[in-house]
Trainee: 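The structure is given below, and queries will be raised subsequently.
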Amino acid sequence: MKMFYYIVTIIALLFSSSLTAQIVSVGGKFQKDWMFQTTINYPFVFDEDSRHEVMLGLDYTSKNNQAPSGLTPQITYGYYVVDSAYKDFMVMAGVSTGYTVNLNSAFKSQIRVSPFVYAEYFSFLNVKVGYDYGTQINKGYPYVSIGLGGFHMFRHFKIM
């Protein structure tokens with residue numbers, strides 16, 4: 001029940017502020033099997049002059065009996081490797097850490113650490129390649145995530 005309050009608090013924080021954008025992605029994730037995935041992150045920096053980003057968010061993956069999956073409140077650090085207002089793509093490298101509340105009985109809820117490389121094209125198409133490491137099972141799983149959304153490139157958006 002305590003975890004439920006943490007999740008509700010994080011959701012409230014994500015949607016309560018209108019000062020900056022929310023980063024949203026919906027798509028599929030392959031981690032030994034295909035899963036539905038959606039992510040919402042609240043960026044704290046979101047500045048076109050900064051190469052660093054820190055985000056607080058939620059990641060949801062549908063049930064997968066071959067790998068840990070579920071609802072994960074997480075914090076993410078990202079470094080923009082390729083980032084320019086004059087390019088139609090960007091590349092970020094980073095790491096996400098959170099507590100996965102598993103949806104299946106094959107795995108227990110656990111802390112997850114996920115280094116990744118993320119690419120975004122025209123702010124709407126994204127691909128994320130990474131490695132989810134679960135501390136409870138002391139094992140990791142590589143993954144590929146493909147989705148719609150992202151919106152990191154909107155940091156460079158200008159109206160004449």
Side-chain angles (χ1 to χ4, degrees), residues 3-31 35-62 68-101 103 109-135 140-160:
M3 180 54 73
F4 175 75
Y5 292 119
Y6 289 132
I7 292 169
V8 169
T9 302
I10 289 172
I11 290 170
L13 285 173
L14 290 173
F15 290 105
S16 65
S17 175
S18 61
L19 299 176
T20 61
Q22 279 103 21
I23 308 298
V24 180
S25 178
V26 176
K29 181 177 183 179
F30 184 80
Q31 191 172 22
M35 301 177 278
F36 169 77
Q37 178 189 24
T38 186
T39 302
I40 183 165
N41 285 306
Y42 179 85
F44 287 102
V45 180
F46 209 68
D47 181 12
E48 69 179 287
D49 298 323
S50 176
R51 306 284 274 165
H52 305 273
E53 186 61 74
V54 176
M55 298 175 282
L56 183 65
L58 282 173
D59 180 72
Y60 168 78
T61 50
S62 60
S69 60
L71 186 64
T72 306
Q74 64 186 10
I75 187 159
T76 301
Y77 167 78
Y79 178 79
Y80 295 104
V81 178
V82 177
D83 183 43
S84 171
Y86 303 104
K87 295 188 181 194
D88 50 1
F89 69 95
M90 59 77 75
V91 177
M92 174 194 286
V95 64
S96 294
T97 302
Y99 185 78
T100 302
V101 179
L103 298 176
S109 297
Q110 59 191 305
I111 295 173
R112 182 182 80 183
V113 179
S114 303
F116 64 86
V117 175
Y118 173 89
E120 192 173 281
Y121 185 65
F122 282 123
S123 289
F124 297 108
L125 300 172
N126 60 64
V127 175
K128 189 174 181 182
V129 177
Y131 189 80
D132 281 344
Y133 173 77
T135 57
Y141 299 91
Y143 68 88
V144 176
S145 178
I146 300 169
L148 298 174
F151 310 120
H152 286 277
M153 292 180 66
F154 280 123
R155 296 176 306 114
H156 298 293
F157 183 71
K158 292 181 180 126
I159 299 176
M160 302 193 153

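Bear in mind the structure is a predicted one, so any value in this text is a computation, not a measurement.
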Trainee: Please examine the side chains of L125 and L148, heavy atoms only from C-beta on, and report whether any two atoms are closer than 4.5 Å.
Mentor: yes
Trainee: Any heavy-atom pair between the side chains of F44 and I75 that's under 4.5 Å?
Mentor: no
Trainee: Tell me whether R51 forms a cation-pi arrangement with Y80, defined as NZ or CZ under 6.0 Å from the six-membered ring centre and within 45 degrees of its axis.
Mentor: no
Trainee: Rounded to the nearest 0.5 Å, what separation is found between the CG atom of L58 and the CG atom of L71?
Mentor: 5.5 Å
Trainee: Once salt bridge (Lys or Arg N to Asp or Glu O under 4.0 Å) is applied, what residue pairs with a partner in residues 141-150 remain, sequence neighbours excluded?
Mentor: none
Trainee: Within a strict 4.5 Å, meaning less than it, do heavy atoms of the Y131 and V113 side chains meet?
Mentor: no
Trainee: Could you state the interatomic distance from CG (D83) to CZ (F89), rounded to the nearest 0.5 Å?
Mentor: 10.0 Å
Trainee: Considering non-hydrogen atoms only, spot the tightest contact between Q110 and P68 and give its length.
Mentor: NE2-CG, 3.5 Å
Trainee: For Y143 versus S114, what's the shortest heavy-atom pair and its separation?
Mentor: OH-CB, 4.4 Å
Trainee: Does any non-hydrogen side-chain atom of R112 lie less than 4.5 Å from one of Q74?
Mentor: yes
Trainee: Please check: side-chain N/O of S69 versus main-chain N/O of S62, any donor-acceptor pairing under 3.5 Å?
Mentor: yes
Trainee: Which heavy-atom pair separates N126 from S25 by the least distance, and what is that distance?
Mentor: ND2-OG, 3.2 Å
Trainee: What's the shortest heavy-atom distance between T38 and V26, and which atoms?
Mentor: OG1-CG2, 3.5 Å
Trainee: Over all heavy atoms of both residues, which pair between E53 and P43 is shortest? Give the atoms and the distance, please.
Mentor: OE2-CB, 3.5 Å
Trainee: Would you mind telling me which of D59, T72, T135, D132 makes a side chain to side chain donor-acceptor pair (under 3.5 Å) with T100?
Mentor: T72
Trainee: Can you see which heavy atom on L103 is nearest to which on G70, and at what distance?
Mentor: CG-CA, 3.5 Å
Trainee: Would you compute the distance between atom OG1 of T61 and atom CE of M35 and round it to the nearest 0.5 angstrom?
Mentor: 5.0 Å
Trainee: Can you tell me how far the NZ atom of K128 sits from the CE atom of M92, to the nearest 0.5 Å?
Mentor: 9.0 Å
